[in-house]
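Right, one structure below, let's go through it.
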There are 2 protein chains.
Amino acid sequence: MSKKNLIVGQSGGPTAVINSSLYGVVSEGLRHPEQIQHIYGMVNGIEGFLAGTVLDFATALPGSSLEKLKTTPGAYLGSCRYKLPESLEDPVYPRLFQKFREMNIGWFFYIGGNDSMDTVSKLSRYAAQTGSDIRIIGEPKTIDNDLVHTDHTPGFGSAARYVASTVREITIDANVYEKKSVTIVEIMGRHAGWLTAASALARKYKGDNPLLIYLPETTFDQEAFLKAVEKSFEKNCNVIVCVSEGIHDAEGTFICEYDSSVGTDTFGHKMLAGCGKYLENLVRSRLGVKARSVELNVSQRCSVSMMSATDQMEAVTAGNFGVQAALNGETGKMVSFLRETGTDGSYSMKCSLEDVNVICNEEKTVPADWITADGSDVTQDFLDYAAPLIQGTVEIPLGTDGLPDFVYRK
Amino acid sequence: MSKKNLIVGQSGGPTAVINSSLYGVVSEGLRHPEQIQHIYGMVNGIEGFLAGTVLDFATALPGSSLEKLKTTPGAYLGSCRYKLPESLEDPVYPRLFQKFREMNIGWFFYIGGNDSMDTVSKLSRYAAQTGSDIRIIGEPKTIDNDLVHTDHTPGFGSAARYVASTVREITIDANVYEKKSVTIVEIMGRHAGWLTAASALARKYKGDNPLLIYLPETTFDQEAFLKAVEKSFEKNCNVIVCVSEGIHDAEGTFICEYDSSVGTDTFGHKMLAGCGKYLENLVRSRLGVKARSVELNVSQRCSVSMMSATDQMEAVTAGNFGVQAALNGETGKMVSFLRETGTDGSYSMKCSLEDVNVICNEEKTVPADWITADGSDVTQDFLDYAAPLIQGTVEIPLGTDGLPDFVYRK
């Protein structure tokens with residue numbers, strides 16, 4: 001059998017472990033020299049591939065330097081937000097497959113979320129249509145945890161651990177003064193509230209902060225929110241409220257839009273502050289108490305300081321598994337996670353494969369029965385689900401400057 | 001000699017290591033049972049002490065539980081922002097000293113910044129005036145690093161390490177796309193730019209981000225800033241700009257005020273967005289490029305994820321040293337740090353004492369010759385100064401939930 005080459009790309013927003021998935025693909029590829037000759041990386045995803053920017057891992061990350069991928073955040077290969085045309089008749093498809101042939105590609109891996117799985121779906125359907133034998137596999141990645149047909153996604157555990165530990169620290173920061181205060185913490189998640197829900201893991205004891213948690217899966221009522229804050233003061237004079245960026249009212253208007261409808265900067269442009277800033281102003285204006293807001297922002301997806309060892313290990317495993325599946329002839333699939341719960345309640349995870357076509361256009365939100373009836377908290381079911389995913393600390397190698405030593409593309 | 005009691009309080013904003021200073025005071029106190037009977041903590045500083053809220057460390061943190069202070073952020077004892085009256089004739093002074101007598105206090109320690117040193121100054125002057133033999137010592141603490149007569153302050157090193165590593169991660173996050181973008185990172189520091197300057201430590205190679213750094217020590221010119229951003233695109237298509245929250249124009253108007261002068265929320269209240277959000281809008285409007293802003297916010301002072309081992313160790317040492325000094329009869333002093341540089345360039349730190357009266361009303365800013373002529377960067381002198389302070393990682397103990405296990409006041 002003549003050898004072929006493997007190519008892998010990353011797409012969409014980065015996570016703490018998207019490079020661990022990459023490590024999983026490349027390291028497994030290296031274990032099959034009898035079938036795989038070169039292992040290539042697309043620089044800036046499918047868009048970069050079309051532009052001809054490809055690297056060879058043998059020269060880019062030789063020997064043990066590959067290991068550093070596992071503790072480097074962001075997307076080592078660079079990313080893109082390029083959507084392939086819906087019509088498989090589009091001339092971009094023959095162009096792509098011509099390039100695959102020229103590079104003798106036998107296996108194609110794409111690490112990403114919903115949109116990336118759409119790319120995997122289109123490429124694999126085009127391959128089937130045209131009789132190409134390239135094996136095309138999707139590797140899941142998203143802090144949003146919103147992919148269907150998988151228990152969870154690589155990237156979520158580390159982001160959830162970052163959110164939980166940061167909210168715990170913000171709680172401690174808020175508690176130093178004895179005066180009434182409200183802190184609004186704005187967490188990523190436009191449509192799915194998984195990451196915001198993870199703030200509940202911050203609680204150290206019953207009745208601990210965050211006392212209120214609002215997800216985009218429910219309707220956000222400003223008056224009910226203000227009443228809930230007032231009631232929370234009975235438990236703690238410092239109230240922490242965690243909200244998803246995507247919370248919205250009954251009409252579907254995002255709460256963050258309430259602000260931009262009035263604020264304009266000196267250039268007449270709408271000010272795009274988040275819902276946290278809006279709610280901070282609302283609380284201060286209506287309740288007359290000290291209020292502040294904290295937007296956790298990009299650190300949720302790019303910090304390795306709270307990387308979950310479980311998440312990292314699972315990302316590597318998923319990468320390995322995808323390559324094994326492709327070598328076994330699988331294509332048009334996404335690697336998925338099946339949870340196995342032992343009789344003692346212990347957690348373990350098993351990889352499986354799902355048809356990528358049923359994944360790419362769906363979005364998994366937090367189940368309604370994992371949210372309390374008043375929409376201001378999550379239930380024990382969510383905590384039981386999320387807790388195993390944030391376990392374990394990863395030691396991040398330091399450089400001579402005393403700071404995390406990441407690996408960079410030359 | 002009859003035994004007396006020691007009391008310690010915390011004041012002002014928290015830091016990652018203010019509890020390490022507390023540990024230093026309490027642990028040293030425990031080593032002198034022949035002189036010190038009880039070790040008390042003021043809950044919520046001098047304000048709480050006046051209200052009678054005091055705890056005994058023997059019951060609050062017995063045995064090895066005291067160790068957890070070293071890895072718990074925030075202020076274990078709680079804090080206050082209470083300024084003692086200027087006139088030592090005010091009746092609060094005899095009230096305070098009456099309480100000291102009732103509690104048989106021989107040694108008083110106050111951990112804090114400028115305002116806390118003002119308290120130490122007033123109490124020690126009142127003690128001198130009235131012939132009280134209570135020894136009153138200040139323990140420095142501030143992420144702002146703005147206390148005079150000390151090489152640096154406990155809290156700065158960990159905050160600087162947090163800023164540097166977070167900016168390095170944000171740089172990686174920005175670099176995943178190949179399209180022009182500007183990220184404004186807003187860092188704490190109203191008058192002193194030490195912490196913003198620490199973002200320069202994030203650079204991994206010459207010409208790395210952050211490409212622009214603006215401190216409140218210089219005048220911020222918006223037009224010059226826009227030109228500098230455009231020029232930076234020649235080096236990197238993704239430009240990271242770090243700014244102190246306190247940057248201001250030539251008239252002394254804070255840049256953040258440009259926003260609040262126009263933005264109002266639905267209740268007619270001024271929107272108080274920071275200068276980062278303002279500059280984000282400025283860049284987007286004027287340069288027509290993708291722009292975003294990240295406010296590092298309270299995590300700068302309350303996160304232990306990037307605690308500097310050097311900073312932690314020095315905070316403990318300062319606490320120890322203060323108690324030894326008080327037992328030796330010193331009073332009205334603040335513990336200060338003297339830097340010692342070995343012939344091989346190695347760093348070491350020695351504790352000393354400074355008259356608290358010359359510290360409490362001064363503010364140390366970044367020297368003008370540590371800032372480049374165009375005010376958009378810091379020099380090698382600053383890097384040489386700051387680098388030793390961020391060295392070493394501290395292992396944070398985890399609880400059964402897999403998250404940092406902090407110690408809480410009952």
Side-chain angles (χ1 to χ4, degrees), chain A residues 13-14 44 48 72-75 78-81 161 164-166 168-170 172-173 175-178 201-202 204 258-259 262-267 269 271 273 277-278 281-282 284-286 294-295 297-299 301-306 387 390-393 398-399 401-404 406 408, chain B residues 13-14 44 48 72-75 78-81 161 164-166 168-170 172-173 175-178 201-202 204 258-259 262-267 269 271 273 277-278 281-282 284-286 294-295 297-299 301-306 387 390-393 398-399 401-404 406 408:
Chain A
N44 292 115
T72 295
S79 183
C80 72
R81 290 204 186 274
R161 193 163 189 249
S165 65
T166 303
R168 182 173 284 184
E169 290 174 334
I170 290 172
I172 280 203
D173 187 84
N175 282 347
V176 305
Y177 298 117
E178 290 282 284
L201 297 164
K204 177 90 174 167
Y258 278 80
D259 244 358
V262 284
T264 48
D265 64 20
T266 36
F267 312 100
H269 290 258
M271 287 213 10
K277 182 58 74 177
Y278 174 76
N281 282 313
L282 181 73
R284 193 185 298 114
S285 306
R286 291 284 301 278
V294 181
E295 189 184 347
N297 219 311
V298 295
S299 290
R301 69 178 184 214
C302 70
S303 178
V304 294
S305 63
M306 277 297 164
I390 66 164
Q391 300 305 310
T393 299
L398 300 183
D401 59 7
L403 291 173
F406 303 137
Y408 297 82
Chain B
N44 292 113
T72 295
S79 183
C80 70
R81 291 207 185 270
R161 193 163 190 253
S165 65
T166 304
R168 182 172 285 184
E169 291 174 333
I170 290 171
I172 282 204
D173 186 84
N175 282 346
V176 303
Y177 297 118
E178 289 281 284
L201 298 164
K204 176 92 175 165
Y258 278 80
D259 244 359
V262 283
T264 48
D265 63 21
T266 36
F267 312 99
H269 290 260
M271 287 213 7
K277 182 57 74 178
Y278 174 76
N281 282 311
L282 181 72
R284 194 185 297 116
S285 306
R286 290 285 301 279
V294 181
E295 188 184 347
N297 219 311
V298 296
S299 290
R301 70 178 183 215
C302 70
S303 177
V304 294
S305 63
M306 277 295 158
I390 65 162
Q391 300 305 310
T393 299
L398 300 183
D401 59 7
L403 292 173
F406 303 137
Y408 296 81

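Naming: A, B, ... by sequence-line order, numbering from 1 per chain.
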Does any heavy atom of chain B fall under 4.5 Å from the side chain of [X], the backbone, both, or neither of them?
X	answer
A:Leu398	side chain
A:Glu178	both
A:Ser299	side chain
A:Ser165	both
A:Ala387	neither

N/O donor-acceptor pair under 3.5 Å between [X] side chain and [Y] backbone:
X	Y	result
A:Glu169	B:Pro73	no
A:Arg161	B:Gly402	yes
A:Asn175	B:Gly74	no

Mind checking the CD1-CG spacing from A:Ile390 to B:Leu403? Nearest 0.5 Å is all I need.
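Those atoms lie 4.0 Å apart.
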
Could you check whether any side-chain heavy atom of B:Phe406 comes within less than 4.5 Å of a side-chain heavy atom of A:Lys204, counting everything from C-beta outward?
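The answer is no; the side chains never approach within 4.5 Å.
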
If you count heavy-atom pairs under 4.5 Å between each of [options] and chain A, which one has the most?
options	value
B:Asp173, B:Val294, B:Val304	B:Asp173
B:Gly392, B:Gly13, B:Pro14	B:Pro14
B:Gly78, B:Ser79, B:Ala75	B:Ser79

Go through it in stages, so that I can follow the logic: the residues are B:Tyr177 and A:Asn44, the test is side chain to side chain contact (heavy atoms under 4.5 Å, CB included), and I'd like the CA-CA distance, side-chain angles, deciding distance and then a yes or no.
CA-CA 7 Å; B:Tyr177 297 118; A:Asn44 292 115; 5.5 Å; no

Using non-hydrogen atoms and a 4.5 Å limit, figure out which bit of B:Ser303 sits close to chain A: side chain, backbone, both or neither.
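Both backbone and side chain of B:Ser303 come within 4.5 Å of chain A.
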
Relative to chain B, which of A:Glu295, A:Met306, A:Arg301 shows the most heavy atom pairs under 4.5 Å?
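Highest number of pairs under 4.5 Å: A:Arg301.
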
Of all of A:Asp401, A:Thr72, A:Thr393, which one pairs up most often with chain B through heavy atoms under 4.5 Å apart?
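Among the listed options, the one with the most contacts to chain B is A:Asp401.
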
